[in-house]
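Worksheet for the structure shown next.
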Amino acid sequence: MTRTGNEGPRGISAIVIEDPSEGLSFGAFEEKMGWRAQPTAQVQFDDCRVPGQNLIGEEGKGFTYAMAGLDGGRLNIAASALGGAQFALNSSLTYMEERKAFGKALNQFQALQFKLADMEVKLQTARTFLRQAAWKLDAQAEDASKFCAMAKLYVTDTSFEVANEALQLHGGYGYLTDYGIEKIVRDLRVHQILEGTNEIMRLIISRQMLTA
Ligand SMILES: Cc1cc2nc3c(=O)[nH]c(=O)nc-3n(C[C@H](O)[C@H](O)[C@H](O)COP(=O)(O)OP(=O)(O)OC[C@H]3O[C@@H](n4cnc5c(N)ncnc54)[C@H](O)[C@@H]3O)c2cc1C
């Protein structure tokens, strides 16, 4: 995406930049809290000259194309978060059966059973909401972008809460690398930032509510 016109979204165009190209380089892999299975690096453009024929679609439409791609990307991020949280909940069920404290298995304490119920409800509501947003996008519904933003916000926040609760249910072992729960918590944290932060999701949602 590059600015080819005036200020504002209509001055941005999308172009293909082949690798290698003069002026195109990549930064070193970033050191991250989580998401280490996915390499992250800066893409740098330094006096990078590109032939006009590399323009994608129409000049000045780059921002529109990017926004159209983001709806599906947000569902994708939400689905990744949901899968991680479901793994954390499933692991908690197994662990609470095995671990005994004060003479009984963890899953026999009603306080912890209620936590499990809350986690299950949170993930089921998140899944239902995500599917509704995906259906809206497939059906090209007018309010699809709003629903994709709402699903991204709700599912990533909820999934992080559930994964964090799962870490708590594992006690000290949750904090160690052995059970893989701390990794899930670290991995899920970035979903509240990526593909538009969750504050920006709120901005998109409220803007659409106020202009409807
Ligand atoms: C691991 C990783 C991989 C990434 N991969 C990619 C990638 O592949 N491609 C890509 O383009 N980007 C990528 N990013 C960048 C990512 O999309 C941005 O970090 C993210 O969109 C937030 O932008 P920012 O970092 O500039 O935060 P800022 O815009 O500086 O925001 C800082 C804080 O202020 C808040 N804020 C900002 N503006 C407002 C406002 N108007 N109202 C309320 N709150 C506001 C934000 O929500 C945030 O909490 C990646 C980031 C990470 C961490």
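One is the number of the first residue; the rest follow in order along the sequence. Computed over heavy atoms, backbone and side chain alike; hydrogens, waters and symmetry mates excluded. All ligand and atom numbering here is 1-based and tracks the order in the structure.
The closest protein non-hydrogen atom to atom 39 (C) of ligand 1 is Ile200 CD1, 3.9 Å. The protein non-hydrogen atom at the shortest distance from atom 15 (C) of ligand 1 is Leu194 CD2, 4.9 Å. Scanning the protein heavy atoms around atom 53 (C) of ligand 1, the nearest turns out to be Val190 CG2, 3.8 Å. The single protein non-hydrogen atom nearest to atom 19 (O) of ligand 1 is Ile193 CG2, 4.2 Å, given as residue, atom name and distance. Distance from atom 27 (O) of ligand 1 to its nearest protein heavy atom, with residue and atom name: Thr197 CG2, 4.9 Å. Ranking protein heavy atoms by distance to atom 17 (O) of ligand 1, first place goes to Glu195 N, 4.1 Å.
Inside a 4.0 Å radius of atom 33 (C) of ligand 1 there is not any protein heavy atom. There is no protein heavy atom less than 4.0 angstrom from atom 30 (O) of ligand 1. For atom 49 (O) of ligand 1, the nearest protein heavy atom lies closer than 4.0 Å. Distance screen at 4.0 Å: atom 7 (C) of ligand 1 has no protein heavy-atom neighbour inside the cut-off. Distance check for atom 1 (C) of ligand 1: a protein heavy atom is found below 4.0 Å. The presence of a protein heavy atom under 4.0 Å from atom 11 (O) of ligand 1 is ruled out. Per-atom contact check: atom 4 (C) of ligand 1 touches the protein, criterion being a heavy-atom distance below 4.0 Å. Distances from atom 23 (O) of ligand 1 to the protein include no heavy-atom value under 4.0 Å.
From Lys32, atom NZ reaches atom CZ of Arg186 across 11.0 Å, with rounding to the nearest 0.5 Å. In this structure, the separation between CD on Glu161 and OG1 on Thr156 is 10.0 Å, given to the nearest 0.5 Å.
Annotation for Gln113: atom CD counts as buried by contact number, over 12 foreign heavy atoms lying within 6.0 Å. Heavy atoms of other residues, nucleotides or ligands lying less than 6.0 angstrom from CZ of Phe45 number more than 12. Annotation: Asn6, atom CG; neighbour count of heavy atoms from other residues, nucleotides and ligands within 6.0 Å does not exceed 12. By the neighbour-count criterion of 12 heavy atoms within 6.0 Å, atom CZ of Arg3 is densely surrounded, having more than that number from other residues, nucleotides or ligands.
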Kindly indicate, with the supporting measurements, whether the criterion side chain to side chain donor-acceptor pair (under 3.5 Å) is fulfilled by Asp46 and Ser25.
CA-CA 8 Å; Asp46 188 15; Ser25 62; over 6 Å; no
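Side chains of Asn164 and Gln168: a donor-acceptor N/O pair is absent below 3.5 angstrom, by distance only. Between Thr40 and Glu30, the side chains place no donor N or O within less than 3.5 Å of an acceptor N or O (distance only, hydrogens not considered).
Taking a cut-off of under 4.0 Å to the non-hydrogen atoms of Lys32, the atoms of ligand 1 that pass are 1 (C).
Distance alone, capped at 3.5 Å, places no donor-acceptor pair between the Lys61 side chain and the Thr64 backbone.
Close N/O approach between Glu199 and ligand 1 is found [any backbone or side-chain N/O within under 3.5 Å].
Phe147 has its side chain out of reach of Asp71: every pair of non-hydrogen atoms, C-beta onward, lies at least 4.5 Å apart.
Contacts of Leu203 with ligand 1, taken as heavy-atom pairs under 4.0 Å, involve the side chain alone.
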